Number of protein chains: 2
Amino acid sequence: MGETGETGSSSTRPTIYDVARVAGVAPSTVSRAFSRPGRVNADTADRIRRVAHELGYRTSPIGRGLPDGRTALLAIVVADLTNPFFFEIIRSAEKTAIDSGYTLLVVDAHESRGAERLALERTLPLVEGVVLATSRLSDAAIRAVAKQRPTVVMNRVVTDVPSVVTDNAQGMRRAVEHLAGLGHTRLSYLAGPEASWADGMRWRAFREATQELGLRARRLGPFAPTLAGGLSAAQALTTHTATATVAYNDLVAIGTMRGLTRLGVEVPRDLSVVGFDNIFGSDFCTPPLTTVASPLRHFGTFAVQRLLNQLRAPSAAPSTGLSAPALLPAKLVERGSTARRA
Amino acid sequence: MGETGETGSSSTRPTIYDVARVAGVAPSTVSRAFSRPGRVNADTADRIRRVAHELGYRTSPIGRGLPDGRTALLAIVVADLTNPFFFEIIRSAEKTAIDSGYTLLVVDAHESRGAERLALERTLPLVEGVVLATSRLSDAAIRAVAKQRPTVVMNRVVTDVPSVVTDNAQGMRRAVEHLAGLGHTRLSYLAGPEASWADGMRWRAFREATQELGLRARRLGPFAPTLAGGLSAAQALTTHTATATVAYNDLVAIGTMRGLTRLGVEVPRDLSVVGFDNIFGSDFCTPPLTTVASPLRHFGTFAVQRLLNQLRAPSAAPSTGLSAPALLPAKLVERGSTARRA
DNA sequence: TTGAAAGCGCTAACAA
DNA sequence: TTGTTAGCGCTTTCAA
């Protein structure tokens, strides 16, 4: 009853050979008809396309990829797909990729170095380039990746590998100044994953900014960069005297606020909270979160563009000026989670 | 200065041939050493592995995939990656895949039929199976996909294609009963995308449930299944007399609540709002959203398991009982966005 | 403009 | 246990 083609083996997809046979041309002509139209007679090409369509032929990237490795595929590896931080990034990265004729594969590393390595091992050979968004890999491992495929890292600086990063220092300074301006003198920082490059930068900037302004600074954690991590942070906060806190990211900040509410601590009356990233949800949580905003949308676009540059200019040696990190500005979005010190 | 190996071409990655030459064995032996350890002398295998490591050799899935199509890759195509609805689904799907030795590729269709088709075209040949989560493709197109690769669809029923769906009817009934119990008699439904199968099911169930309970039912929309869509919905709601509304999904519901707030309509005092899906954020928005919850976590697991079943039992004809849709229960989570009619 | 033939990296029969 | 050989689907010289 099924609509099986006339070709013998029904289970296997048609190839250029099938098309060639039916169309009465050589396989190479079929190949050309698809890979470089124009290099083949219009009529012939027409016939080939018609036959191909009838047979349900599709060119196979895997076969096509073998000779030259061109698969028109890029990959972005994110630390945690469920972190809204990546939304805009992935979106914009995808758009940029598509506009240039590439398809973007999204790979989730589950905040795990092992998972990230495994996923890369499997994916890397399939793609022409890769964006590592907030990777948990070691610098050496990242350089190894970069040796296999054009690579761009995000939110991290690795020698000789092109990168796109937020200006964490600037953002953190704005946050601390904001809190200082509200009269807070004892601040705490809720640390993120130890393996996070961004966490290191943020904590350092926090320490420096507080120092310069003569404020007391304290580091709590590390906490998981999730709502749950924020819940633990809330617990930890109650045993400290800080009147304002800056969280590693918005997820932690939101989790912290929820935890504090449960513990009877009111935000911002009893404690001011600042997040990082301005993610989806940070404006409709209660209270709306004051946070350091990165231009998330540009992030993905920038990263993919740098990747495309590498793809187009394979001549350029790895350690060209190309790899100087692109610094994206950060600004403070003031909302309801911060207030004058009681 | 660079640490280039002794092999001539530095730009190209080593192959089994390189390893074979250095190790003094045949290429096929190298292949065996990796693809089926045990079928080769332990010492030989050891030597091969050592050489391979030194040379930086990695087996290429693309080469490996050619002969038999086995890439250990699965794909999940989602309508919109930034929709929190997919978080748990992707997470659990990934876990299930990894546990079975597969890597899961995540592909975003951007709520666009064209994008979905293009992405599938490129991805399908690379993967061994695919999960279509809330696809916007036509039934015919989905069947065509299923012909190329083992396929499981989610939140949709397509003849002859295995699927996993929420019990929309049951969930909607619960929602309507809940509202009726609160004294509401005039309800509205905020419709989602026309191409959405789930939207069709939900609207139908809404109409039936309201009818049976003798309530007035009205359909507004369609709206984009996003926060922005909800904002438009809020506008539309103000011109109607319903005192309670059920949204196509949580995103629309949350957007609606925000829009209503801006318009001076208070939820739930002036209007009760119910969502669908119980996504990330639905518990910390203001007010917390009453919503129909699907067992998101089981969703991904189920889907991938069905896929794996197909992969393991290639003998079973497509239209076996295997393709009967798996119905996952839905329950109502009552929170603050619904209240007794004023 | 088209065809013939070689080869991409790997696996799988078949022999040795 | 290992080597030889053919071939997966496609692209790409090289000739015609």
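Owing to the predicted nature of the structure, the values given are computational and were not obtained by experimental measurement.
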Length of the [atom1]-[atom2] vector between [X] and [N], whole Å:
X: A/Arg21; N: D/dC10; atom1: CZ; atom2: C1'; answer: 16 Å
X: B/Ile16; N: C/dG9; atom1: CD1; atom2: C1'; answer: 6 Å
X: A/Asp18; N: D/dC10; atom1: CG; atom2: C1'; answer: 13 Å
X: A/Ile48; N: D/dC10; atom1: CD1; atom2: P; answer: 13 Å

Does [X] put a side-chain nitrogen or oxygen below 4.0 Å from OP1 or OP2 of [N]?
X: A/Ser31; N: D/dC10; result: no
X: B/Ser28; N: D/dG3; result: no
X: B/Arg64; N: C/dT11; result: yes
X: B/Thr29; N: D/dT2; result: no

(request) Tell me, please, which residues at least two apart from B/Gln305 pass side-chain contact (heavy atoms from CB on, under 4.5 Å). (result)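 Expected list: B/Thr96, B/Thr301.
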(request) Report the nucleotide, chosen from D/dC10, C/dG3, D/dG3, that has the shortest atom-to-atom distance to any side-chain atom of A/Ala26. (result)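 The closest nucleotide is C/dG3.
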(request) Just compare D/dT4, D/dT2, C/dG9 and give me whichever is closest to any side-chain atom of A/Leu66. (result)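 Nearest listed nucleotide: C/dG9.
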(message) Regarding A/Lys95 and B/Asp108, does a basic nitrogen lie under 4.0 Å from an acidic carboxylate oxygen?
(response)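 Here A/Lys95 does not pair with B/Asp108 in a salt bridge, since their nearest N and O are not under 4.0 Å apart.
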(request) Give one of base, sugar-phosphate or nothing for A/Val25, where a contact means two heavy atoms less than 4.0 Å apart. (result)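 The residue A/Val25 makes sugar-phosphate contact but no base contact.
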(message) Within the 4.0 Å heavy-atom criterion, would you say B/Ser60 contacts the bases, only the backbone, or no part of the nucleic acid?
(response)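 The residue B/Ser60 makes sugar-phosphate contact but no base contact.
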(request) Check step by step if ring pair (Phe, Tyr, Trp, His ring centres under 6.0 Å) holds for B/Phe299 and B/Phe87. (result) CA-CA 11 Å; B/Phe299 241 93; B/Phe87 284 7; over 10 Å; no
(request) Hey, could you give me the CZ/CD distance between B/Arg149 and B/Glu128, rounded to the nearest 0.5 Å? (result)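 The distance works out to 8.0 Å.
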(request) To the nearest 0.5 angstrom, please state how far the OG1 atom of A/Thr44 sits from the CG atom of A/Asn41. (result)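 Reported to 0.5 Å precision, the distance equals 3.5 Å.
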(message) Quiz question: going by heavy-atom distance under 3.5 Å, is there a donor-acceptor pair between the base of C/dC8 and the side chain of B/Tyr17?
(response)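 When only heavy-atom distances are counted, B/Tyr17 does not reach the base of C/dC8 through any donor-acceptor pair under 3.5 Å.
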(message) Can you confirm whether the side chains of B/Arg297 and B/Ser92 place a donor and an acceptor under 3.5 Å from each other?
(response)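 No, no side-chain donor-acceptor contact under 3.5 Å.
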(request) Please list residues of residues 32-39 of chain A whose heavy atoms come under 4.0 Å from any atom in DNA chain C, ordered by number; otherwise none. (result)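 The answer is A/Arg32, A/Arg39.
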(message) With heavy-atom distances below 4.5 Å as the criterion, would you say the side chains of A/Val130 and A/Leu124 are in contact?
(response)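 Yes; the side chains approach each other to less than 4.5 Å.
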